[in-house]
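Have a look at the structure below, then the notes.
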Amino acid sequence: ALEVLAGRHSVTAAVAAIETRTLHLSTADLIEVLEDNVGVLLSVVREFARRMLAVAVPTVTRPPPPSLGGPLGLVERLILLRQQVPFIGARLQGLATLAHASEEVSWPTGAVVVRAGELALASSLEIAGRLRECRADGKSRELGPGQLIGGLETLAGVGHGATLEALTPVRALATSATTIFDVLEDHPDVGVSM
């Protein structure tokens with residue numbers, strides 16, 4: 001199922017050891033089920049996000065263009081979102097809705113951006129600045145532009161796994177959980193792309 005959703009060929013063979021009955025669902029049919037049944041789509045998105053958090057899948061960051069010094073317009077928001085791995089294959093209409101509903105936020109040096117355990121209510125894409133991530137196990141690291149803050153936690157509906165503190169002034173593009181799920185409901189192709 002993962003290979004089907006990822007659009008990849010299976011890398012392992014499944015060999016029946018005994019007589020077996022299976023239910024076959026083609027890729028096209030699975031995508032149609034997800035696009036036509038928002039509840040199923042949202043359940044799949046939430047479950048994948050939970051599983052990715054459980055296995056600590058590293059996130060791919062794509063730094064934003066350096067020319068984003070002023071306030072972000074719709075075009076800049078679209079460019080930023082389109083560069084992110086979950087949205088690369090999304091159709092423009094759904095992505096434009098998401099970009100329009102997103103807002104630019106900022107935090108001063110020393111501000112606590114999120115606290116570990118606090119329910120993730122928004123996903124934020126860091127545009128500029130540096131953050132310190134402090135985990136419960138005592139490990140910390142610095143995060144910079146292109147980092148997604150609370151992306152998987154927001155989709156999974158769980159708390160943040162670490163506390164983030166601004167080491168410098170930080171700018172980000174934030175999208176609330178409510179907005180994300182509203183867009184997925186109105187534009188299921190965005191959820192399928194994710």
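Residues meeting the salt bridge (Lys or Arg N to Asp or Glu O under 4.0 Å) test with Glu165, sequence neighbours left out: Arg132. Listed by chain and residue number, nothing satisfies the salt bridge (Lys or Arg N to Asp or Glu O under 4.0 Å) test with Arg77 (two or more places apart in sequence, or in another chain). Partners of Ser102 under the side-chain hydrogen bond (donor to acceptor under 3.5 Å, both in side chains) rule, at least two apart in sequence or in another chain, are Thr175.
Every pair passing side chain to side chain donor-acceptor pair (under 3.5 Å) that includes a residue from residues 180-194 is listed here, sequence neighbours excluded: Thr97-His187. Residue pairs meeting the side chain to side chain donor-acceptor pair (under 3.5 Å) criterion with at least one partner in residues 108-119, sequence neighbours excluded, do not occur; the list is empty. For residues 96-110, the salt bridge (charged side-chain N to carboxylate O under 4.0 Å, His left out) pairs, not counting sequence neighbours, are Glu104-Arg171.
For the pair Arg130 and Pro145, the minimum side-chain heavy-atom distance is below 4.5 Å. Between Pro108 and Pro169, every side-chain heavy-atom pair lies at or beyond the 4.5 Å cut-off. Two residues are said to be in side-chain contact when any heavy atoms from C-beta on lie closer than 4.5 Å; Ser124 and Leu173 fail this criterion. Annotation: side chain of Leu92 is in contact with side chain of Leu78 (closest heavy-atom distance under 4.5 Å).
If you chain together hydrophobic residues whose side chains sit under 4.5 Å apart, Leu42 and Leu95 fall into the same group. Under the 4.5 Å side-chain heavy-atom criterion for ILVMFWY residues, a single connected hydrophobic cluster contains both Val183 and Phe48. Residues Leu121 and Val45 fall into different hydrophobic clusters, defined by Ile, Leu, Val, Met, Phe, Trp and Tyr side chains chained together at heavy-atom separations under 4.5 Å. Tracing side-chain contacts under 4.5 Å through hydrophobic residues (I, L, V, M, F, W, Y), one never reaches Leu167 starting from Ile127; they form parts of separate clusters.
A distance of 10.0 Å separates CZ in Phe181 from OG in Ser176, rounded to the nearest 0.5 Å. In this structure, the separation between CD on Glu133 and CZ on Arg141 is 4.0 Å, given to the nearest 0.5 Å. Between Arg51 atom CZ and Glu47 atom CD the span is 4.5 Å, to the nearest 0.5 Å.
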Just distance, no hydrogens or angles: give the donor-acceptor pairs under 3.5 Å from side chains in residues 150-163, sequence neighbours left out.
residue, atom, partner, partner atom, Å
Thr154, OG1, Ala122, O, 2.8
Thr154, OG1, Gly150, O, 2.6
Thr163, OG1, Ala116, N, 3.0

Residues 13-36, side-chain donor-acceptor partners within the protein, below 3.5 Å, at least two apart:
residue, atom, partner, partner atom, Å
Thr20, OG1, Ile18, O, 2.7
Ser26, OG, Asp29, N, 3.1
Ser26, OG, Asp29, OD2, 3.2

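Not a single donor-acceptor pair under 3.5 Å links the side chain of Asn37 to the backbone N or O of Gly39. Counting only distance, with no hydrogens or angles, the side chain of Glu76 and the backbone of Gly73 share a donor-acceptor pair below 3.5 Å.
Of all heavy-atom pairs spanning Gly146 and Leu125, the tightest one is O-CD1, 3.5 Å. Of all heavy-atom pairs spanning Ile180 and Ser123, the tightest one is CD1-CB, 4.0 Å.
Val113 belongs to a hydrophobic cluster whose other members, connected by ILVMFWY side-chain contacts under 4.5 Å either directly or through intermediates, are Val105, Trp107, Val114, Leu131, Leu143, Ile149, Leu164, Val170.
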